[in-house]
S.K.: 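This is the structure I have questions about; it appears just below.
These numbers come from the heavy atoms of this one structure, side chains and all, not from hydrogens, waters or symmetry mates.
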Amino acid sequence: MKKIVALWMSLSLLSGCQASQNNDSTLKQIPSAYTQPTQQAGTIERLNYTTYESMNYNEKTQELIKTAYVYLPYGYSQDQQYNVFYLMHGGWSNETTMLGTDTQPSILKNIIDHAIANNEMQPMIIVCPTYNNTSSEDSSDYSLALRLTENYHNELINDLIPAVEGKYRTYAKNTSSEELRLSRNHRGFSGFSMESVATWRTFQYCLDYFYYFMPMSGSLTNDGTFMNQIVEQSGYNSNDFFIYAMSGSDDFAYSSFASQIENMLNHENSYFIDANSENGNLLFQVQEGGTHNGDYASQYIYNGLCRF
């Protein structure tokens, strides 16, 4: 496990990864040059915001000051509207893991800079928060992390999104609940491993606020009925969201992840439709030989953000 975590934290260069074909779709490989800084580089800003202790959030008995790191694309302007993507870390990690910080950006940040500069990816705002609660070590406790990811929607909707979209220019005219719902088509959420679980939870609790979901190598349930009921009870239909799910064939999470996707697609009267079909809303791609580490997570993020 420590080896997996070390690989994930490194976010190092993808090398020799050949994408497999799944339903006539292939994962693109990251060009090796993308790992180096580019002259058209976006910036990362530190954003502090107020929230509350997760387990007793509704009581608001313990106030917390938390940090998210916000990526602004090259040429960012308050005169332009931007789609916004919330990108969460996995286990044994924190808000600095994905894109780094303003003083120490990660390789993934370079990859995104290049993809935007080369018009593969639209200029967008990317937010890297943490579900860590009262301790920076929370994500290293598996059972605690599961509970925190299930609770995270409270902080996400009530505190983080208003803090981000009240400061930066997105498609939300203001941070009222009504306006954040109206701008849901311009908002996405993603995570790898434990934060794939958080992505499914965001789908469960926050479908009013997000259109695009990108779970990577982490399942929530094999119960297709449960997933179908989320959409049914929300009042939305199959045209109101898109899920781009990715994993590796040799990832230890692959079996349960693939099983969840299969049961979602095969459920009777399912709201989930294979994206290779007309009006599809769920694309599942598998990297042949892909394992549970940061190299493959970077590849999935690159592919997903290019499509977003």
Side-chain angles (χ1 to χ4, degrees), residues 51 54 57-58 81-88 124-125 127 129 131 146-166 170-191 195-216 218-245 257 259-284 304 307-308:
T51 185
S54 176
Y57 183 92
N58 291 331
Q81 291 176 301
Y82 296 87
N83 289 332
V84 58
F85 199 90
Y86 293 80
L87 180 60
M88 184 69 86
M124 69 180 78
I125 296 170
V127 183
Y131 63 88
L146 282 175
R147 295 172 64 196
L148 293 176
T149 55
E150 184 169 7
N151 292 346
Y152 187 72
H153 64 279
N154 293 312
E155 175 183 330
L156 175 64
I157 295 303
N158 296 319
D159 306 319
L160 179 61
I161 293 179
V164 171
E165 303 191 34
T170 68
Y171 282 84
K173 296 178 182 178
N174 56 60
T175 58
S176 68
S177 179
E178 179 183 9
E179 185 58 36
L180 293 177
R181 286 181 168 93
L182 287 173
S183 58
R184 65 183 291 275
N185 284 7
H186 300 278
R187 193 175 296 115
F189 192 98
S190 177
E195 281 325 295
S196 181
V197 178
T199 304
W200 293 120
R201 289 299 189 188
T202 302
F203 183 83
Q204 178 182 358
Y205 293 115
C206 308
L207 197 51
D208 275 347
Y209 297 88
F210 290 86
Y211 176 87
Y212 188 87
F213 301 86
M214 194 169 75
M216 303 173 289
S219 62
L220 175 65
T221 176
N222 287 330
D223 188 344
T225 298
F226 175 80
M227 295 302 299
N228 216 50
Q229 286 175 343
I230 291 173
V231 183
E232 184 175 15
Q233 293 171 4
S234 73
Y236 292 108
N237 59 45
S238 58
N239 295 320
D240 294 321
F241 61 88
F242 192 92
I243 299 172
Y244 189 178
F257 191 70
S259 179
Q260 174 174 341
I261 300 296
E262 180 181 4
N263 290 338
M264 290 166 62
L265 289 172
N266 293 336
H267 188 274
E268 186 178 5
N269 300 320
S270 178
Y271 287 98
F272 304 100
I273 304 168
D274 191 318
N276 293 286
S277 304
E278 187 176 0
N279 299 320
N281 59 17
L282 199 168
L283 178 62
F284 180 38
R307 188 180 181 98
F308 177 43

S.K.: Answer yes or no: is there a donor N or O on one side and an acceptor on the other, between the side chain of Thr199 and the main chain of Phe213, under 3.5 Å?
M.R.: no
S.K.: Mind checking what makes ring pair (Phe, Tyr, Trp, His ring centres under 6.0 Å) contact with Phe242, not counting sequence neighbours?
M.R.: none
S.K.: State whether the side chain of Ser270 and the backbone N or O of Asn266 hold a donor-acceptor pair below 3.5 Å, judged by distance alone.
M.R.: no
S.K.: What verdict does the side chain to side chain contact (heavy atoms under 4.5 Å, CB included) test give for Ser190 and Phe308, after you've listed the backbone C-alpha separation in whole Å, the side-chain angles of each residue and the deciding distance to 0.1 Å?
M.R.: CA-CA 11 Å; Ser190 177; Phe308 177 43; over 6 Å; no
S.K.: Could you check Tyr211, Phe210, Phe203 and say which one makes a ring-ring contact (aromatic ring centres under 6.0 Å, His included) with Phe241?
M.R.: Phe203
S.K.: Rounded to the nearest 0.5 Å, how far does SG of Cys206 lie from CD1 of Ile161?
M.R.: 7.0 Å
S.K.: What pair of heavy atoms forms the shortest contact from Pro162 to Leu180, and how long is it?
M.R.: CG-CD1, 4.5 Å
S.K.: Take Tyr236 and Leu207 through the side chain to side chain contact (heavy atoms under 4.5 Å, CB included) test and state the conclusion after the steps.
M.R.: CA-CA 8 Å; Tyr236 292 108; Leu207 197 51; 3.8 Å; yes
S.K.: I need the Leu282 CG to Phe272 CZ distance, nearest 0.5 Å.
M.R.: 7.0 Å
S.K.: Kindly compute the distance separating CG (Leu283) from CZ (Arg307), expressed to the nearest 0.5 Å.
M.R.: 5.0 Å
S.K.: Within the distance-only criterion (no hydrogens, no angle test), does the side chain of Asn281 pair as donor or acceptor with the backbone N or O of Ile273 below 3.5 angstrom?
M.R.: yes
S.K.: Can you sort out the partners of His153 under ring pair (Phe, Tyr, Trp, His ring centres under 6.0 Å), two or more places apart, ordered by chain and number?
M.R.: Tyr205
S.K.: Taking ring pair (Phe, Tyr, Trp, His ring centres under 6.0 Å) as the test, write out the residues that go with Tyr271, two or more places apart.
M.R.: none
S.K.: What pairs with Tyr209 under ring pair (Phe, Tyr, Trp, His ring centres under 6.0 Å), at least two apart in sequence or on another chain?
M.R.: none
S.K.: How far does CD of Gln260 sit from CZ of Phe226, to the nearest 0.5 angstrom?
M.R.: 9.5 Å
S.K.: Which is it for Ser183 and Thr170 under the side chain to side chain contact (heavy atoms under 4.5 Å, CB included) test, yes or no, and what are the steps along the way?
M.R.: CA-CA 9 Å; Ser183 58; Thr170 68; 5.8 Å; no
S.K.: Got Arg187 and Tyr86 here, is their nearest side-chain heavy-atom distance under 4.5 Å?
M.R.: yes
S.K.: Among residues at least two apart in sequence or on other chains, which ones pass side chain to side chain donor-acceptor pair (under 3.5 Å) with Tyr244?
M.R.: Gln285
S.K.: We want to know whether Asn222 and Ser259 form a side-chain donor-acceptor pair, criterion being a heavy-atom distance below 3.5 angstrom.
M.R.: yes
S.K.: How far does CG of Asn263 sit from CE of Met227, to the nearest 0.5 angstrom?
M.R.: 11.0 Å
S.K.: Could you name each residue pair satisfying salt bridge (Lys or Arg N to Asp or Glu O under 4.0 Å) that touches residues 153-164, not counting sequence neighbours?
M.R.: Lys66-Glu155
S.K.: Is there a donor-acceptor pair closer than 3.5 Å between any side-chain N or O of Trp200 and the backbone N or O of Gly218?
M.R.: yes
S.K.: Quick check: Tyr152 with Tyr131 (ring centres under 6.0 Å apart)?
M.R.: no
S.K.: Apply side chain to side chain contact (heavy atoms under 4.5 Å, CB included) to Glu165 and Ile125, showing your working.
M.R.: CA-CA 10 Å; Glu165 303 191 34; Ile125 296 170; over 6 Å; no
S.K.: Of the non-hydrogen atoms in Ser219 and Val197, which two are nearest, and what is the gap between them?
M.R.: O-CG2, 3.5 Å
S.K.: Looking at Asn154, Leu148, Thr149, which one forms a side-chain contact (heavy atoms from CB on, under 4.5 Å) with Ser54?
M.R.: Leu148
S.K.: Compare all side-chain heavy atoms of Leu220 with those of Gln204 and state whether any distance is below 4.5 angstrom.
M.R.: yes
S.K.: Donor-acceptor check, side chain of Asn228 to backbone of Gly224, threshold 3.5 angstrom: yes or no?
M.R.: no
S.K.: Compare all side-chain heavy atoms of Lys173 with those of Leu182 and state whether any distance is below 4.5 angstrom.
M.R.: no
S.K.: Distance from Thr202 atom OG1 to Ile157 atom CD1, nearest 0.5 Å?
M.R.: 8.0 Å
S.K.: Does the side chain of Leu160 reach to within under 4.5 Å of the side chain of Thr51, using non-hydrogen atoms?
M.R.: no
